[in-house]
Chemist: 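Sharing a structure here in structure tokens format.
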Amino acid sequence: MKNFCNVLKKKNYAFIYDVYERLYSLYGPQGWWPLLDLITENRDKTGVTGGYHPLDYDLPETLEQQYEIILGTILTQNTTWTSAEKALIKLKQMDIIQPQKLLTIEIKKLKEAIRCVGFHNQKSYYLKEISRFFIALDGKIPSRQDLLKVKGVGNETADSILLYAYKQPEFVVDNYTRRIFHNLNLINEINYIKLKNLFEQNLPIDVPIYQEYHALIVEHAKRYYQKKPYGVDDPLKE
DNA sequence: AACCAGGACGTGA
DNA sequence: TCACGTCATGGT
């Protein structure tokens with residue numbers, strides 16, 4: 001039985017890297033995670049995904065940028081980035097994209113500011129929770145385990161924070177990932193951890209690749225996997 | 001007018 | 001563990 005499992009593990013998942021290269025050649029670098037300053041700075045230049053910071057993998061460079069990314073990961077849960085960005089801009093106008101300041105804002109005002117993202121009752125609470133956590137970190141990199149203890153931070157958000165705010169090699173899985181690879185009849189696994197491991201075991205341990213791959217999956221899914229039937233005219237099928 | 005969005009949580013099998 | 005209902009606003 002044990003041997004049988006080992007045989008299964010040796011199954012060829014080379015397509016995982018192939019798909020990455022294919023998507024990269026289709027769409028190019030996505031430059032996630034988007035930061036407000038760079039969005040407005042680059043919006044007109046690229047136009048495609050809204051700019052971001054293509055090929056600059058040193059970002060984020062400041063605590064404030066890290067914190068902004070973390071707020072974004074919560075705000076964009078089950079919501080379009082467009083809505084999340086609007087909420088972030090409001091928070092910036094209120095000058096509370098700093099954990100200490102955000103904590104002083106009364107919950108009622110915070111709810112109103114982020115209303116457009118939906119789930120504002122719980123997300124406003126989550127934003128305060130992650131802010132306390134961020135302050136307690138005092139600049140240190142959080143463990144995945146500790147992140148998951150924070151209310152509002154699940155598997156995907158934890159990995160997003162680690163990968164994009166802290167440049168840790170944690171592959172981010174989302175519903176699009178499941179949808180695309182299932183539709184292509186390549187992977188049937190739905191368990192988050194198992195899927196995550198599958199990707200990580202078949203890719204070089206490389207932060208920029210992890211960052212780009214997840215962003216590319218989202219970009220690809222927006223084009224071919226938003227409305228049913230999924231995958232119509234998906235170029236990956238050719 | 002349904003359906004989905006860069007999910008997470010609480011509950012009950 | 002796993003499936004399911006719930007949270008809520010905005011766009012197509």
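Naming: A, B, ... by sequence-line order, numbering from 1 per chain. We use all heavy atoms of the structure for the numbers below, so side chains are in, but hydrogens, waters and symmetry mates are not. Since we're looking at a predicted model, the values are computed, not measured.
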Chemist: Excluding sequence neighbours, so at least two apart, what forms side chain to side chain contact (heavy atoms under 4.5 Å, CB included) with A:Gln65?
Modeler: A:Leu35, A:Leu59, A:Pro60, A:Glu61, A:Thr62
Chemist: Are the charged groups of A:Glu112 and A:Arg115 less than 4.0 angstrom apart, N to O?
Modeler: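 A salt bridge links A:Glu112 with A:Arg115.
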Chemist: Is the phosphate of B:dC4 approached by A:Lys228 (side-chain N or O, under 4.0 Å from OP1 or OP2)?
Modeler: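 Indeed, a polar side-chain atom of A:Lys228 lies that close.
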Chemist: Please classify the nucleic acid contact of A:His214 as base, sugar-phosphate, or nothing, using heavy-atom distances under 4.0 Å.
Modeler: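 If one applies the 4.0 Å heavy-atom cut-off, A:His214 turns out to touch nothing in the nucleic acid.
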Chemist: Under the salt bridge (charged side-chain N to carboxylate O under 4.0 Å, His left out) rule, what pairs show up with a residue in residues 225-235 of chain A, not counting sequence neighbours?
Modeler: none
Chemist: Can you tell me, in whole Å, how much space there is between the P of C:dG5 and that of B:dC4?
Modeler: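 Per the computed distance, 15 Å lies between those P atoms.
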Chemist: Report the residues that fulfil salt bridge (charged side-chain N to carboxylate O under 4.0 Å, His left out) with A:Lys90, sequence neighbours left out, ordered by chain and then residue number.
Modeler: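 A:Lys90 satisfies salt bridge (charged side-chain N to carboxylate O under 4.0 Å, His left out) with no residue once adjacent residues are dropped.
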Chemist: Roughly how far, to the nearest 0.5 Å, is CD1 of A:Ile69 from CG of A:Leu36?
Modeler: 10.5 Å
Chemist: Are side-chain heavy atoms of A:Ser131 and A:Tyr67 found at a separation under 4.5 Å?
Modeler: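 A:Ser131 reaches A:Tyr67 side chain to side chain.
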Chemist: Measure all distances between protein nitrogen or oxygen atoms and nitrogen or oxygen atoms of nucleotides 2-4 of chain C, and list the pairs falling under 3.5 Å.
Modeler:
{"from": "C:dC2", "atom 1": "OP2", "to": "A:Asn191", "atom 2": "ND2", "distance (Å)": "3.2"}

Chemist: For A:Glu189, which residues count as a side chain to side chain donor-acceptor pair (under 3.5 Å) partner, sequence neighbours excluded?
Modeler: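 A:Glu189: no side chain to side chain donor-acceptor pair (under 3.5 Å) contacts found.
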Chemist: What does the B/S/- profile of nucleotides 8-13 of chain B look like, 5' to 3', with a 4.0 Å heavy-atom cutoff to protein?
Modeler: SSS---
Chemist: Could you list who else is in A:Ile135's hydrophobic cluster, with ILVMFWY side chains joined at under 4.5 Å, directly or through other members?
Modeler: A:Leu103
Chemist: Would you indicate what A:Lys123 reaches in the nucleic acid, counting non-hydrogen atoms under 4.0 angstrom: base, sugar-phosphate, or nothing?
Modeler: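 Nothing, no heavy atom under 4.0 Å.
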Chemist: Is A:Trp81 stacked on the base of B:dA5, with ring centres under 5.5 Å apart and planes under 30° apart?
Modeler: no
Chemist: I'd like to know if the side chain of A:Tyr192 and the backbone of A:Val173 have a donor-acceptor N/O pair within less than 3.5 Å.
Modeler: yes
Chemist: In residues 166-183 of chain A, which ones come under 4.0 Å of DNA chain B, going by heavy atoms?
Modeler: A:Tyr176, A:Arg179
Chemist: Considering only atom P, compute the distance from C:dA8 to B:dG10 and round it to an integer number of Å.
Modeler: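 It works out to 14 Å between them.
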Chemist: Could you name each residue pair satisfying salt bridge (charged side-chain N to carboxylate O under 4.0 Å, His left out) that touches residues 124-134 of chain A, not counting sequence neighbours?
Modeler: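 Checked against salt bridge (charged side-chain N to carboxylate O under 4.0 Å, His left out) - neighbours excluded - the pairs reaching residues 124-134 of chain A are A:Glu129-A:Arg132.
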Chemist: With side-chain hydrogen bond (donor to acceptor under 3.5 Å, both in side chains) as the rule and sequence neighbours excluded, what pairs involving residues 147-157 of chain A come up?
Modeler: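 Checked against side-chain hydrogen bond (donor to acceptor under 3.5 Å, both in side chains) - neighbours excluded - the pairs reaching residues 147-157 of chain A are A:Gln77-A:Thr157, A:Arg144-A:Asn155, A:Asp146-A:Lys149.
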Chemist: Which atom pairs link the protein and nucleotides 10-12 of chain C when you take only N or O atoms and keep those under 3.5 Å?
Modeler:
{"from": "C:dG11", "atom 1": "OP1", "to": "A:Lys86", "atom 2": "NZ", "distance (Å)": "3.4"}

Chemist: Does anything in residues 97-110 of chain A form a side-chain hydrogen bond (donor to acceptor under 3.5 Å, both in side chains)? List the pairs, not counting sequence neighbours.
Modeler: A:Asp95-A:Lys101
Chemist: Quote, to the nearest angstrom, the P distance that separates B:dG6 from C:dT6.
Modeler: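 Straight-line distance between the two P atoms is 23 Å.
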